[in-house]
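Here is the structure we will look at.
One-based numbering, in listed order, for ligands and for the atoms of each.
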Amino acid sequence: MSTTTITGVTVWDGERERGLSDVTWEGDRILTVAPSAEGTVDTGLSLIPGLVDTHVHLDTDAVTGKADRAWGIITPPEERSLHALAHAQTAMRHGVTTLRDLASEPAYFALSRMLDSGVITGPRVLTAGPVGMTAGHGDLFTPPHYPHRPPVADSPDECRKLVRHWARAGADAIKVYTSGGILSIGDKVSWRNHTDAELAATVDEAHALGMLVAAHSHSVEGIDRALQAGVDSIEHGTAMSIAQMEILAERRIPVAPTLLIHVRLDARVEGTSDEAREKTLALSAVRDHTLTEGGRRDVRFVLGTDANGVFTTFGDQMEELRIMAARIGWDAERTLKSGTSDAADAIAMGQTVGRIRSGLGADLVLMDGRPWQDIAELDTARIRAVVSRGRLVAGELPTTRG
Ligand SMILES: [Zn+2]
């Protein structure tokens with residue numbers, strides 16, 4: 001296996017600046033991060049870890065980028081998996097080298113394994129098996145009358161069985177819903193999803209089988225129930241109360257705020273239904289308050305975009321982080337941590353990615369500027385090269401030795 005060294009770049013390692021450095025990797029493994037020789041000229045280039053998006057959906061048409069419910073029904077799974085791959089590779093070329101899909105279908109488990117094995121070049125894709133109820137948020141992405149539906153679980157025992165089903169299939173995590181949603185058809189955000197007993201069984205079984213549980217929760221009630229069940233992350237968390245912020249901060253539970261998609265739904269990008277717009281506007285009224293107050297109380301917000309290739313695309317993660325900085329009131333370095341080291345820790349990948357450190361995976365983004373000093377410089381237009389699993393997948397590396 002050949003080694004590659006990039007010399008004389010300023011490294012920001014996922015937590016702090018390391019100065020002008022030489023970074024060497026072999027295959028998908030960083031070997032050394034060492035200070036550059038004295039007298040090395042600073043070219044203004046910097047190296048940051050590949051971004052980690054803890055919340056995406058790979059299940060849309062990667063060609064048209066249109067919201068089309070029929071597409072998911074008429075397109076066979078084999079073909080959908082290749083669209084998912086295209087989305088993942090698009091994200092990778094834009095500096096996002098780890099993605100967690102938060103409602104995976106069986107073909108994605110195979111995709112994830114093929115990427116891990118190196119058979120196909122692509123980012124790390126983590127998967128999550130959805131455990132939702134009949135008439136829940138997850139169930140109602142499929143039109144109500146349609147007979148072929150993803151599995152649902154309607155009792156504590158059925159929840160355990162579905163968790164086990166996903167574990168056997170190879171899922172990394174479990175997704176649950178404790179409130180209704182925006183893009184689902186015919187439900188209300190305020191609808192209770194699952195009983196407390198069903199949630200408790202799901203979380204217990206997932207933890208017993210080594211999987212984290214991510215909870216889709218918009219409402220105060222939904223967040224309370226997710227916290228009570230002991231989930232590992234809150235997705236959206238739109239209407240959290242001050243008391244909940246304090247609990248979330250104290251327990252260091254990650255929250256993926258999924259901002260950009262809501263900014264776009266509010267602005268009514270093409271394809272937004274009247275129903276989705278009505279729901280998102282009601283939530284927007286409380287979102288800004290949640291972010292500023294949550295930021296003040298040190299809630300652990302992490303990068304999670306809800307990117308699905310339609311309302312938010314697979315190159316928008318840097319924009320999401322810029323919006324997080326502005327709305328939460330964070331400085332650039334805190335923001336960048338939430339998209340690298342802290343995002344990796346949040347999905348139990350901190351021993352593999354999220355930092356530029358010897359022994360970790362070689363996911364690297366070479367950029368013009370210093371995005372940890374000025375978040376405006378965290379912009380895909382400034383990407384000079386992307387290395388994913390040790391392979392150069394976009395741009396060019398200057399001054400390399402091989
Ligand atoms: Zn989502």
Side-chain angles (χ1 to χ4, degrees), residues 52-61 65 67 69 72 80 83-84 87-88 91 96 98-105 108 125-133 136-142 150 152 166 171-185 187 189 191 193-194 202 212-219 222-223 226 231-240 253-266 269 271-273 275-276 279-280 283-284 287 290 301-314 316-317 320 323-324 339 343 346-347:
V52 176
D53 191 338
T54 66
H55 186 150
V56 304
H57 298 282
L58 298 169
D59 59 345
T60 59
D61 185 336
R69 289 183 195 281
R80 289 203 301 274
H83 284 268
H87 281 315
V96 189
T98 301
L99 303 159
R100 184 169 71 161
D101 182 88
L102 270 190
S104 306
E105 55 174 286
Y108 297 0
V125 172
L126 278 72
T127 55
V131 176
M133 66 173 199
H137 173 58
D139 186 35
L140 290 176
F141 276 85
T142 306
V152 286
W166 292 130
D172 298 292
I174 292 295
K175 170 83 173 284
V176 296
Y177 314 92
T178 66
S179 72
I182 291 173
L183 295 173
S184 36
I185 314 160
D187 65 338
V189 173
W191 280 13
N193 273 220
H194 280 311
T202 302
L212 296 180
V213 179
H216 160 105
S217 310
H218 281 294
S219 62
I223 295 167
V231 304
D232 302 292
S233 67
I234 300 289
E235 309 300 320
H236 316 299
T238 316
M240 69 178 79
I253 295 172
V255 178
T258 65
L259 293 184
L260 185 57
I261 189 168
H262 293 288
V263 169
R264 296 207 175 139
L265 287 171
D266 287 358
V269 291
T272 315
S273 67
E275 181 187 353
K279 289 174 175 177
T280 188
L283 288 174
S284 291
R287 182 175 299 109
T290 296
F301 293 112
V302 296
L303 177 63
T305 58
D306 225 350
N308 65 359
V310 179
F311 302 111
T312 309
T313 65
F314 289 94
D316 284 338
Q317 282 77 4
E320 174 90 14
I323 294 178
M324 283 170 72
I347 58 171

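- The Zn ion (ligand 1) has an N, O or S atom of His55 inside 2.8 Å of it.
- A donor-acceptor contact closer than 3.5 angstrom is absent between the side chains of Asp101 and Thr127.
- By the 30° and 60° cut-offs, the orientation of the rings of His216 relative to His137 is parallel.
- None of the N, O or S atoms belonging to Glu235 lies under 2.8 Å away from the Zn ion (ligand 1).
- When Asp53, Thr54, Thr312 are each tested for a side chain to side chain donor-acceptor pair (under 3.5 Å) with Thr305, only one passes: Asp53.
- For His216, every N, O or S atom stays at 2.8 Å or more from the Zn ion (ligand 1).
- Considering Asn193, Ile223, Val176 in turn, Ile223 is the only one that fulfils the side-chain contact (heavy atoms from CB on, under 4.5 Å) rule with Ser217.
- Centred on the Zn ion (ligand 1), the OD1 atom of Asp306 and the NE2 atom of His57 lie at an angle of 90°, reported to 10°.
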